[in-house]
Amino acid sequence: MPVFLIEHDEGLVLVDTGLNPAAAEDAEAVYGDLMSFLLIDYRPEHTVERQLAAIGYRCSDITHVVVSHGHFDHTGGMKLFSGAHFYLGAGELDHVHADTGDQLRACRGEDFTSLDRHAWTEFEHDVDLFGDGAIEVLLVPGHTPGNAAVLVRLPTRRVLLTADTVHLRHAWEHELPMPIDHDHARARESIRRLKRIAADTRAEVWIPHDPDDWHAFGAPGVYQ
């Protein structure tokens with residue numbers, strides 16, 4: 001359940017915020033039996049603030065937060081970044097607060113309640129975050145209505161963070177939506193779109209939830 005920090009001259013950009021830090025001490029109090037049901041191993045050293053501290057940053061240093069979508073494993077740490085500006089795909093906030101059935105109880109509206117509504121930019125199209133092409137937030141609905149991926153152009157390489165557009169390399173290769181995806185047809189279209197972008201930009205594709213991808217990229221690590 002990854003979080004990415006991108007250093008830019010205009011500020012520090014966090015992509016997703018991981019799980020609620022309180023769950024590292026008492027998972028059941030925060031998530032009920034969801035963590036044990038999904039076999040999630042989450043300890044204090046895994047929390048986003050501890051990981052930031054390990055590389056010399058505080059939560060208050062983060063200026064921008066891109067929330068790829070509203071599922072609990074991406075939104076749990078949002079309250080730690082109240083001084084940042086948040087970006088979220090159009091329709092996602094409504095989806096988070098809607099009665100959407102079980103969906104593995106994936107959305108937690110309470111993760112969003114501590115933030116000022118004015119701290120959000122909801123985007124209906126791709127966003128070039130700083131206007132220089134370095135960080136592009138790509139709207140790729142399907143997994144959720146406002147699901148997003150991020151294309152990062154570093155000085156020496158390009159990396160496409162698919163977020164939950166796909167969860168496994170096999171799904172990427174075969175263009176397979178996930179069973180709990182909000183809209184399977186749009187999810188498949190979004191996978192195909194990201195594959196075209198990756199080919200056109202010659203970007204390395206990182207599927208964050210895929211354990212083999214995680215190992216192959218050597219995470220946690222520093223990329224320039």
Side-chain angles (χ1 to χ4, degrees), residues 1-27 29-31 35 40 42-97 106-123 126-131 134-139 143-144 146-152 159 161-164 206 208-209 219-223:
M1 295 182 173
V3 172
F4 297 91
L5 177 68
I6 307 170
E7 296 171 315
H8 190 281
D9 290 342
E10 298 294 327
L12 296 176
V13 180
L14 200 68
V15 179
D16 288 326
T17 67
L19 293 163
N20 188 320
E25 300 289 351
D26 189 347
V30 179
Y31 294 117
M35 299 276 277
I40 295 172
Y42 185 51
R43 299 186 295 272
E45 62 267 26
H46 296 150
T47 62
V48 64
E49 68 265 49
R50 289 276 292 271
Q51 294 194 57
L52 286 171
I55 55 175
Y57 290 119
R58 298 169 297 177
C59 293
S60 58
D61 295 328
I62 304 302
T63 57
H64 301 72
V65 178
V66 176
V67 180
S68 67
H69 64 293
H71 286 172
F72 76 99
D73 52 322
H74 300 258
T75 62
M78 292 197 308
K79 63 183 179 181
L80 301 173
F81 305 99
S82 58
H85 192 83
F86 285 74
Y87 294 81
L88 189 70
E92 196 68 12
L93 281 176
D94 289 341
H95 178 69
V96 166
H97 294 296
C107 294
R108 285 173 46 87
E110 53 265 51
D111 289 343
F112 294 77
T113 56
S114 62
L115 298 172
D116 187 333
R117 184 64 184 78
H118 297 290
W120 288 94
T121 291
E122 291 184 79
F123 54 92
D126 297 349
V127 176
D128 184 345
L129 208 57
F130 297 114
I135 304 171
E136 285 191 76
V137 185
L138 308 170
L139 188 61
H143 181 56
T144 61
N147 184 67
V150 180
L151 176 63
V152 186
V159 181
L161 306 174
T162 66
D164 284 15
W206 191 338
H209 279 306
V222 177
Y223 304 94

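For the numbers below, each heavy atom of this structure counts, side chains included, while hydrogens, waters and symmetry mates do not.
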K.L.:
Among residues at least two apart in sequence or on other chains, which ones pass ring pair (Phe, Tyr, Trp, His ring centres under 6.0 Å) with His46?
P.N.:
none
K.L.:
Show me the donor-acceptor pairs within less than 3.5 Å that the side chains of residues 56-63 make with the rest of the protein, sequence neighbours left out.
P.N.:
| unit_1 | atom_1 | unit_2 | atom_2 | d |
| --- | --- | --- | --- | --- |
| Tyr57 | OH | Glu7 | OE2 | 2.4 |
| Asp61 | OD2 | Arg58 | N | 2.8 |
| Thr63 | OG1 | Leu12 | N | 3.1 |
| Thr63 | OG1 | Leu12 | O | 3.1 |

K.L.:
Restricting to side-chain hydrogen bond (donor to acceptor under 3.5 Å, both in side chains), what partner residues turn up for Thr17, sequence neighbours left out?
P.N.:
none
K.L.:
Do Leu19 and Met35 have side-chain heavy atoms sitting under 4.5 Å apart?
P.N.:
yes
K.L.:
Which residues pass the salt bridge (Lys or Arg N to Asp or Glu O under 4.0 Å) test with Glu110, not counting sequence neighbours?
P.N.:
Arg108
K.L.:
Taking the side chain as every heavy atom from C-beta outward, state whether Val13 and Phe130 have any atom pair closer than 4.5 Å.
P.N.:
yes
K.L.:
In the structure I gave you, are the side-chain heavy atoms of Pro2 and His209 within less than 4.5 Å of one another anywhere?
P.N.:
yes
K.L.:
Can you sort out the partners of Phe86 under ring pair (Phe, Tyr, Trp, His ring centres under 6.0 Å), two or more places apart, ordered by chain and number?
P.N.:
Trp120
K.L.:
With rounding to the nearest 0.5 Å, note down the distance linking CG in Leu151 to CG in Leu138.
P.N.:
6.0 Å
K.L.:
I'd like a table of donor-acceptor pairs (distance under 3.5 Å, sequence neighbours excluded) in which one partner is a side-chain atom from residues 20-27, with atom names and distances.
P.N.:
| unit_1 | atom_1 | unit_2 | atom_2 | d |
| --- | --- | --- | --- | --- |
| Asn20 | OD1 | Ala22 | N | 2.9 |
| Asp26 | OD1 | Ala29 | N | 3.2 |

K.L.:
Looking at every non-hydrogen atom in both residues, tell me the closest pair between Ala119 and His85 and how far apart they are.
P.N.:
O-ND1, 3.3 Å
K.L.:
Run the side chain to side chain contact (heavy atoms under 4.5 Å, CB included) check on Asp16 and Val67 step by step: do they pass?
P.N.:
CA-CA 5 Å; Asp16 288 326; Val67 180; 4.2 Å; yes
K.L.:
Which residue is it: Ile135, Ile6, Val137, Thr121? I am looking for the one with a side-chain contact (heavy atoms from CB on, under 4.5 Å) to Val66.
P.N.:
Val137
K.L.:
List the residues meeting ring pair (Phe, Tyr, Trp, His ring centres under 6.0 Å) with Phe123, not counting sequence neighbours, and say none if there are none.
P.N.:
none
K.L.:
Could you tell me which residues satisfy side chain to side chain contact (heavy atoms under 4.5 Å, CB included) with Val3, sequence neighbours excluded, listed by chain and number?
P.N.:
Leu14, Val48
K.L.:
Not counting sequence neighbours, which residues clear side-chain hydrogen bond (donor to acceptor under 3.5 Å, both in side chains) with Asp126? List them please.
P.N.:
Arg193
K.L.:
What residues form a salt bridge (Lys or Arg N to Asp or Glu O under 4.0 Å) with Glu49, not counting sequence neighbours?
P.N.:
none
K.L.:
Once rounded to the nearest 0.5 Å, what's the spacing between atom CE of Met1 and atom CZ of Phe72?
P.N.:
4.5 Å
K.L.:
What is the distance from atom CG of Asn147 to atom NE2 of His74, rounded to the nearest 0.5 Å?
P.N.:
8.5 Å
K.L.:
Can you classify the ring geometry of Tyr87 versus His64 as parallel (below 30°), tilted (30 to 60°) or perpendicular (above 60°)?
P.N.:
parallel
K.L.:
Counting C-beta onward and ignoring hydrogens, is there a side-chain heavy-atom pair between Val150 and Phe4 closer than 4.5 Å?
P.N.:
no
K.L.:
Are any non-hydrogen side-chain atoms of Glu92 and Glu122 less than 4.5 angstrom apart?
P.N.:
no
K.L.:
Which heavy atom of Pro208 sits nearest a heavy atom of Thr162, and at what distance?
P.N.:
CD-OG1, 3.4 Å
K.L.:
Enumerate the salt bridge (Lys or Arg N to Asp or Glu O under 4.0 Å) contacts for residues 62-81, please, sequence neighbours excluded, ordered by first and then second residue.
P.N.:
none
K.L.:
Would a line drawn from the ring center of His71 to the ring center of His143 be shorter than 6.0 Å?
P.N.:
yes
